[in-house]
Amino acid sequence: MGKTDKAILDVLLDRYGRTFAGEAGIKLSDQPKPLYQLLVLATLLSARISADVAVSAAKELFKAGYGTPKGMLEASWQDRVDALGRGHYRRYDERTATMLGNGAELLTDRWKGDLRRLRDEAKGEDRRIASLLMEFPGIGPTGADIFLREVQAVWPQVAPHLDQRVLDGAGKLGLPRQARPLAALAHSNDELARLSAALVRVSRSKKTVDEVKSAAH
């Protein structure tokens with residue numbers, strides 16, 4: 001790693017290296033509950049809505065007790081709508097409340113509420129995991145990428161998962177635009193997930209790109 005790459009990496013991780021799961025208060029581990037919460041967050045982040053609002057809505061759902069498939073299914077549709085509304089997730093609240101209920105039902109019926117079973121069915125291959133994730137209502141290619149980007153911290157089988165948005169952010173900072181060389185900059189899968197989240201934030205804002213470059217020089 002060159003001096004410039006290291007300086008950029010340090011600034012990135014220091015200022016923007018918090019995973020979206022971390023922001024939503026999810027203590028990510030290879031256990032059914034936090035994995036399900038990450039799926040809920042990926043569903044919320046998939047809509048055309050700001051990441052801050054999606055994170056806030058996830059927190060409200062979890063606070064209300066809907067952080068497990070059972071809790072989500074026991075909540076009424078209106079309960080879910082109300083929790084999303086408290087997180088200011090308003091434009092998509094009714095549709096999303098329905099999707100979250102249907103998704104919890106699918107996870108319970110097909111994988112007994114445990115996303116590790118989905119991973120095992122896909123034999124740990126990220127493309128097959130993505131394809132199964134897209135069977136959940138509200139999860140498309142973007143949502144599957146969000147889930148895989150974050151879960152690589154605790155599912156070494158899928159690392160490195162660096163999608164186009166992450167690679168675009170890397171390119172804007174002069175970091176490698178290919179997955180393997182970029183992944184080699186991180187010291188662990190946890191750091192790789194943090195780096196991915198940081199680069200997604202950077203990819204959205206020229207101001208952030210300039211700020212990171214200037215702080216690194």
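Every value quoted in this text rests on a predicted model; they were computed, and no experiment measured them.
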- Message: Salt bridge or not between Asp114 and Lys112? Use side-chain N to carboxylate O under 4.0 Å.
- Response: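 Answer for the salt bridge query: no.
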- Message: What I want to find out is whether Asp10 reaches Lys6 closely enough, with some N-O distance under 4.0 Å, to be called a salt bridge.
- Response: yes
Any donor-acceptor pair under 3.5 Å linking the side chain of [X] with the backbone of [Y]?
X      : Y      : value
Trp77  : Glu94  : yes
Arg116 : Asp30  : yes
Glu60  : Gly87  : no
Ser56  : Asp52  : no
Lys172 : Ser203 : yes

Where is the tightest heavy-atom contact between [X] and [Y], given as atom of each residue plus distance?
X      : Y      : result
Ala54  : Leu45  : CB-CD2, 3.6 Å
Arg86  : Ala64  : NH2-CB, 3.9 Å
Ala97  : Arg80  : O-NH1, 2.8 Å
Leu84  : Ala57  : CD2-CB, 4.0 Å
Gly71  : Tyr66  : O-CD2, 3.6 Å
Val200 : Arg149 : CG2-CZ, 3.4 Å

Look up atom [atom1] in [X] and atom [atom2] in [Y], then write down how far apart they are to the nearest 0.5 Å.
X      : Y      : atom1 : atom2 : result
Ile26  : Phe62  : CD1   : CZ    : 4.5 Å
Thr4   : Leu9   : OG1   : CG    : 12.0 Å
Arg128 : Glu121 : CZ    : CD    : 8.0 Å
Arg194 : Asp14  : CZ    : CG    : 9.0 Å
Leu107 : Leu39  : CG    : CG    : 7.0 Å
Ile139 : Ile146 : CD1   : CD1   : 7.5 Å

Between [X] and [Y], is there a shared hydrophobic cluster once you connect ILVMFWY residues whose side-chain heavy atoms come closer than 4.5 Å?
X      : Y      : value
Val40  : Leu73  : no
Val158 : Leu199 : yes
Ile49  : Phe136 : yes
Val81  : Leu100 : no

Within the 4.5 Å heavy-atom criterion, are [X] and [Y] side-chain neighbours or not?
X      : Y      : result
Asp190 : Leu28  : no
Arg119 : Leu132 : no
Leu106 : Trp111 : yes
Leu182 : Leu192 : no
Leu162 : Leu195 : no
Gln164 : Asp168 : yes
Val151 : Ile129 : no
Leu115 : Phe147 : yes

- Message: With side chain to side chain contact (heavy atoms under 4.5 Å, CB included) as the criterion, how do Glu211 and Val11 come out once you've worked through the C-alpha distance, each side chain's angles and the decisive distance to 0.1 Å?
- Response: CA-CA 9 Å; Glu211 179 211 317; Val11 172; 5.6 Å; no
- Apply ring-ring contact (aromatic ring centres under 6.0 Å, His included) to Tyr36 and list each qualifying residue two or more places apart in sequence or on a separate chain. none
Tell me whether [X] at atom [atom1] has more than 12 heavy atoms from other residues, nucleotides or ligands lying less than 6.0 Å away.
X      : atom1 : answer
Arg165 : CZ    : no
Arg204 : CZ    : yes
Arg110 : CZ    : yes

- Steps toward side chain to side chain contact (heavy atoms under 4.5 Å, CB included) verdict (Val212, Arg15): CA-CA 9 Å; Val212 171; Arg15 298 190 184 188; 5.8 Å; no
- Pair Asp93, Thr96: side-chain N/O donor-acceptor within cut-off below 3.5 Å: no
- Geometric cation-pi criterion, Arg201 with Phe20: 6.0 Å, 45°: yes
